[in-house]
2 protein chains.
Amino acid sequence: MTHFGAVVREERERLRRRDRRFSLRQVALRVGVEPAYLSKIERGRVPPPSEAVTRRLAQELGQNPDVLLALAGKVSGDLLAIIRARPRLFAELLRQLEEAPDHAVLRVVREVRDGEW
Amino acid sequence: MTHFGAVVREERERLRRRDRRFSLRQVALRVGVEPAYLSKIERGRVPPPSEAVTRRLAQELGQNPDVLLALAGKVSGDLLAIIRARPRLFAELLRQLEEAPDHAVLRVVREVRDGEW
DNA sequence: CCTGCTGTGTAGTATGTAGGACACATGACG
DNA sequence: CGTCATGTGTCCTACATACTACACAGCAGG
């Protein structure tokens with residue numbers, strides 16, 4: 001299990017090879033945290049940051065926010081709100097889909113998107 | 001918006017009319033918290049309790065845990081784990097279903113349950 | 001009446017969350 | 001070769017979370 005910080009570091013250093021502006025300090029500045037803090041995050045010396053910081057980090061590094069949040073052990077706040085609005089419904093749905101293969105879930109997504117209701 | 005504590009109190013007092021063992025103190029004892037704490041919870045003087053306590057409360061009061069957790073502003077940990085396992089997939093699904101009517105979602109649940117994959 | 005249960009007020013605690021401030025050694029490079 | 005940017009170590013803080021402990025007034029029944 002490769003952890004949150006490792007992914008951030010890896011991705012940041014990958015970008016840095018192409019662009020000097022992806023030093024730890026400069027990314028930290030743009031993301032709005034102290035360099036020392038980002039350093040600790042990347043080396044896993046502190047738990048992953050808040051959802052807000054994680055989102056800005058994902059944006060900065062061109063990563064999918066939901067994926068990065070998942071690595072941070074979190075779930076996007078807007079998804080939580082969707083579930084809380086109809087807890088029984090979505091609880092059953094998710095538990096039902098837990099072991100379904102990706103393609104089956106994707107088919108459901110497409111069906112719904114194509115307005116079959 | 002009727003809050004968490006109000007629902008708990010209402011439900012507990014409803015049960016108590018039939019059964020003396022549903023006094024605040026006795027429920028608190030069975031749930032494993034201090035009576036003073038449950039009292040404050042029911043009157044909304046403190047934020048809703050942890051997921052664990054909420055679950056035991058739901059069990060004790062014959063309520064749906066997911067619903068009570070939603071009232072507590074939380075989402076069941078097992079659902080979070082399901083999402084974190086495949087964040088992109090379930091993020092898209094949930095956002096897609098946000099505005100779908102209940103019956104449409106239920107149809108999806110049934111389809112999957114009946115093993116159409 | 002007095003024993004015992006009822007709910008509640010006040011105070012305090014432990015742990016987690018989410019970082020900031022500052023100093024420092026190292027290496028790049030102009 | 002001196003300056004500047006780089007990453008990192010240490011210390012500290014503010015706030016939220018999730019409760020416990022203890023005391024106390026009210027009333028209910030035997």
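Naming convention: chains lettered A, B, ... in sequence-line order (proteins, then strands); numbering from 1 in each chain.
- Taking atom OH of residue A/Tyr37 and atom P of nucleotide D/dT8, one finds them 16 Å apart after rounding to whole Å.
- Between B/Arg16 and B/Glu13, none of the side-chain N atoms (NZ, or NE/NH1/NH2) sits under 4.0 Å from a carboxylate O, so this pair counts as no salt bridge.
- Taking 4.0 angstrom as the limit, A/Arg43 places a side-chain polar atom (N or O) nearer than this to OP1 or OP2 of D/dG9.
- Closest to the side chain of A/Arg45, out of D/dT10, C/dT10, D/dC19, is D/dT10.
- Among the atoms of the strands shown, none is found under 4.0 Å from any heavy atom of A/Val46.
- One atom, CG of A/Leu57, and another, P of C/dA18, lie 14 Å apart when rounded to the nearest Å.
- In this model, a donor atom of one side chain and an acceptor atom of the other lie less than 3.5 Å apart for B/Ser76 and B/Arg55.
- The phosphate of C/dT6 (OP1 or OP2) has a side-chain N or O of B/Gln26 nearer than 4.0 angstrom.
- Residue B/Pro47 is classed as having no contact, given no heavy-atom separation below 4.0 Å to the nucleic acid.
- For B/Arg12, no side-chain nitrogen or oxygen approaches OP1 or OP2 of C/dT6 to under 4.0 Å.
- Checking the phosphate oxygens (OP1, OP2) of C/dT6, a side-chain nitrogen or oxygen of B/Ser23 falls inside 4.0 Å.
- Mapping B/Arg20 and B/Lys74 onto DNA chain D by nearest heavy atom places B/Lys74 at the nucleotide closer to the 5' end.
- Per the geometry, CZ belonging to A/Phe4 stands 11 Å off P belonging to C/dG19, to the nearest Å.
- Contact check, A/Arg25 against D/dG7: no side-chain N or O comes under 4.0 Å of OP1 or OP2.
- With rounding to whole Å, A/Leu24 atom CG is found 9 Å from D/dT6 atom P.
- If you measure from atom NZ of A/Lys40 to atom C1' of C/dT17, you get 14 Å, rounded to the nearest angstrom.
- A/Arg9 comes within contact range of the sugar-phosphate backbone alone, with a heavy-atom separation under 4.0 Å but no base atom that close.
- Closest to the side chain of B/Val53, out of D/dT10, C/dG19, D/dC19, is D/dC19.
- Distance, B/Glu51 CD to D/dT17 P: 15 Å, rounded to whole Å.
- Around atom CZ of A/Arg30, more than 12 heavy atoms belonging to other residues, nucleotides or ligands sit under 6.0 Å away.
- With hydrophobic clusters built from ILVMFWY side chains whose heavy atoms lie under 4.5 angstrom apart, A/Val31 does not share a cluster with A/Leu29.
- For the pair A/Glu42 CD and D/dT6 P, the computed distance is 13 Å after rounding to whole Å.
- Within a 6.0 Å sphere centred on CZ of B/Arg43, other residues, nucleotides and ligands contribute more than 12 heavy atoms.
- A close approach under 4.0 Å does occur between a side-chain nitrogen or oxygen of A/Ser50 and OP1 or OP2 of C/dG19.
- Atom pair A/Glu34:CD and D/dC11:C1' shows a separation of 14 Å (rounding to whole Å applied).
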